[in-house]
Engineer: 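Shown below is the structure under consideration.
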Amino acid sequence: MGNQHRRNLMVVGFTLSALVLGGNFFHDQSGLASQGGKPMNVSRITVDHVRVLADKPFDKVAKAFEQQLGQFNPEVYKSLIAREDVEKVRAKIEAMVGPSGFMLFRTSDHGSLLRLVGQKKKAMQYLVGNPLFAIQMTQHDIRASLYAPLRVLLYENDAGKTCVEYDKPSSLFGQFGNAKVTEVATMLDRKLEQLVAKAIQ
């Protein structure tokens with residue numbers, strides 16, 4: 001009886017170990033992972049991606065696109081750090097805005113970068129936005145700052161056609177499930193669509 005009892009305990013112990021290890025295995029498979037020993041939540045979102053073909057050549061579309069943008073000056077952050085009157089800072093930001101309601105934060109010439117691998121292409125990434133739009137969202141959910149400013153890619157495809165691509169703001173910001181954030185993001189959808197439409201017309 002003693003040997004049988006010990007065998008039963010071993011079977012139970014093995015079964016419990018298998019369940020624990022198996023549970024951990026399936027737990028990781030469900031989307032939870034670790035980074036540096038810390039738990040990391042991974043979620044999946046659906047993003048609406050917009051791609052527009054233009055009849056105009058790349059250089060003309062780029063020029064028309066840039067003409068609708070103001071120029072962001074990062075010195076405005078120093079004004080905020082120095083505790084300058086917020087209304088004065090707001091006025092400075094408003095003065096940077098272009099006809100589209102957006103300003104240019106940065107460009108990345110990916111076309112030129114491809115020369116490192118022997119390719120010659122026209123491709124420019126634009127970082128565009130408006131801090132006054134951004135804070136309408138980030139005051140309700142700071143995670144919205146992950147996607148502000150927005151990215152727009154202008155490039156010439158293999159057929160020589162000019163393309164404009166971007167992710168629809170409402171689909172990026174919508175993941176946060178905040179109606180006030182989504183309302184602003186929907187407005188950004190319209191403004192971005194108008195910006196691209198004027199650039200390619």
Side-chain angles (χ1 to χ4, degrees), residues 26-52 65-66 68-108 110 124-155 163-199:
F26 288 114
H27 193 54
D28 288 340
Q29 292 295 310
S30 68
L32 286 178
S34 63
Q35 186 174 35
K38 302 292 185 182
M40 179 176 68
N41 290 319
V42 179
S43 57
R44 181 173 296 172
I45 65 170
T46 300
V47 175
D48 296 329
H49 186 76
V50 178
R51 180 172 181 265
V52 182
F65 186 85
E66 294 169 13
Q68 296 180 75
L69 302 172
Q71 182 66 50
F72 177 72
N73 185 349
E75 290 293 315
V76 73
Y77 291 132
K78 294 182 180 179
S79 298
L80 288 169
I81 293 170
R83 298 184 180 277
E84 186 174 326
D85 179 75
V86 293
E87 290 307 317
K88 288 184 179 179
V89 177
R90 185 183 295 273
K92 288 180 180 180
I93 295 173
E94 289 174 345
M96 301 176 194
V97 177
S100 63
F102 293 119
M103 56 192 80
L104 178 63
F105 284 73
R106 191 181 71 234
T107 59
S108 296
H110 285 272
M124 187 72 72
Q125 182 200 75
Y126 295 90
L127 205 59
V128 303
N130 184 328
L132 300 179
F133 294 157
I135 61 173
Q136 290 179 46
M137 296 183 288
T138 55
Q139 66 179 308
H140 301 296
D141 194 324
I142 192 60
R143 295 175 298 171
S145 59
L146 182 63
Y147 302 108
L150 304 165
R151 282 180 168 80
V152 178
L153 178 65
L154 175 62
Y155 67 98
C163 302
V164 185
E165 298 198 23
Y166 62 90
D167 292 329
K168 208 168 183 180
S170 60
S171 67
L172 293 173
F173 295 108
Q175 66 180 289
F176 302 123
N178 187 304
K180 292 182 178 179
V181 172
T182 302
E183 181 181 356
V184 179
T186 302
M187 175 268 289
L188 293 175
D189 285 352
R190 295 193 298 269
K191 285 191 172 294
L192 204 50
E193 185 178 341
Q194 292 167 1
L195 169 61
V196 172
K198 287 184 179 179

Engineer: Less than 4.5 Å apart, side chain to side chain, heavy atoms only: is that true for Val152 and Leu192?
Structural biologist: yes
Engineer: Are side-chain heavy atoms of Lys191 and Ser100 found at a separation under 4.5 Å?
Structural biologist: no
Engineer: How about Gln125 and Tyr155: does a side-chain donor come under 3.5 Å of a side-chain acceptor?
Structural biologist: no
Engineer: Any chance you could lay out the side-chain contact (heavy atoms from CB on, under 4.5 Å) test for Val181 and Val184, step after step, and finish with the verdict?
Structural biologist: CA-CA 5 Å; Val181 172; Val184 179; over 6 Å; no
Engineer: Kindly say whether Lys168 contributes a backbone atom to a donor-acceptor pair with the side chain of Asp48 at under 3.5 angstrom?
Structural biologist: no
Engineer: Between Val128 and Arg106, is there a side-chain heavy-atom distance shorter than 4.5 Å?
Structural biologist: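 The answer is no, as the side chains (C-beta and beyond) never meet within the 4.5 Å cut-off.
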Engineer: With a 3.5 Å cut-off and no angle check, do the side chains of Asn178 and His140 form a donor-acceptor pair?
Structural biologist: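 No donor-acceptor contact under 3.5 Å links the two side chains.
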Engineer: Show the atom names and distances, to 0.1 Å, of all donor-acceptor pairs under 3.5 Å that link a side chain in residues 89-97 to residues at least two apart or in another chain.
Structural biologist:
unit_1 : atom_1 : unit_2 : atom_2 : d
Lys92  : NZ     : Ser79  : OG     : 3.1
Lys92  : NZ     : Glu84  : OE1    : 3.2
Lys92  : NZ     : Glu84  : OE2    : 3.2

Engineer: Restricting to non-hydrogen atoms, name the atom on Ala199 and the atom on Gln68 that form the minimum distance, rounded to 0.1 Å.
Structural biologist: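 Looks like N-NE2, 3.5 Å.
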Engineer: List the steps and the verdict of side-chain contact (heavy atoms from CB on, under 4.5 Å) for Tyr147 and Gln175.
Structural biologist: CA-CA 11 Å; Tyr147 302 108; Gln175 66 180 289; 3.0 Å; yes
Engineer: Atom CG in Asn130, atom CG in Leu150: separation rounded to 0.5 Å?
Structural biologist: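 Result: 10.5 Å between the selected atoms.
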Engineer: With a 4.5 Å limit on heavy-atom distance, are the side chains of Leu104 and Tyr126 in contact?
Structural biologist: yes
Engineer: Roughly how far, to the nearest 0.5 Å, is the CG atom of Leu146 from the CG atom of Leu172?
Structural biologist: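 Reported value, rounded in 0.5 Å steps: 8.5 Å.
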Engineer: Any sub-3.5 Å donor-acceptor pair from Asp189's side-chain atoms to Ser170's backbone N or O?
Structural biologist: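 Yes, Asp189 side chain to Ser170 backbone: donor-acceptor pair under 3.5 Å.
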Engineer: Do you see a donor-acceptor pair shorter than 3.5 Å between the side chains of Glu193 and Tyr166?
Structural biologist: no
Engineer: Give the minimum heavy-atom separation between Pro169 and Ala185, together with the two atoms involved.
Structural biologist: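 For Pro169 versus Ala185, the nearest heavy atoms are CB-O, 3.7 Å.
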Engineer: Looking only at heavy atoms, what is the nearest atom pair of Leu127 and Pro149, with distance?
Structural biologist: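 Smallest heavy-atom distance, with atoms named: CG-CB, 3.9 Å.
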Engineer: Is the closest side-chain heavy-atom distance between Val47 and Ile45 below 4.5 Å?
Structural biologist: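 They are in contact (side-chain heavy atoms under 4.5 Å apart), so the answer is yes.
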Engineer: Could you give me the CA-CA distance, side-chain angles and deciding distance for Phe173 and Asp141, then say whether side-chain contact (heavy atoms from CB on, under 4.5 Å) is met?
Structural biologist: CA-CA 10 Å; Phe173 295 108; Asp141 194 324; over 6 Å; no
Engineer: With a 4.5 Å heavy-atom cut-off, do Leu69 and Leu195 have their side chains touching?
Structural biologist: yes
Engineer: For a side-chain contact (heavy atoms from CB on, under 4.5 Å) check, start with the C-alpha distance between Glu165 and His49, then their side-chain angles and the critical distance, and finish with the verdict.
Structural biologist: CA-CA 7 Å; Glu165 298 198 23; His49 186 76; 2.5 Å; yes
Engineer: Assess the residue pair Lys180 and Glu183 against the criterion (salt bridge (charged side-chain N to carboxylate O under 4.0 Å, His left out)); give the C-alpha distance rounded to whole Å, side-chain angles, the decisive distance to 0.1 Å, and a yes or no.
Structural biologist: CA-CA 5 Å; Lys180 292 182 178 179; Glu183 181 181 356; over 6 Å; no
Engineer: If I take atom CE from residue Met103 and atom CZ from residue Phe133, how far apart are they, to the nearest 0.5 angstrom?
Structural biologist: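 Output value for this atom pair is 8.5 Å.
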Engineer: Is there side-chain contact between Phe105 and Pro74, with heavy atoms separated by less than 4.5 Å?
Structural biologist: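 Side-chain contact under 4.5 Å: no.
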Engineer: Report the residues that fulfil ring pair (Phe, Tyr, Trp, His ring centres under 6.0 Å) with Phe102, sequence neighbours left out, ordered by chain and then residue number.
Structural biologist: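 If we apply the ring pair (Phe, Tyr, Trp, His ring centres under 6.0 Å) test to Phe102, skipping adjacent residues, there are no hits.
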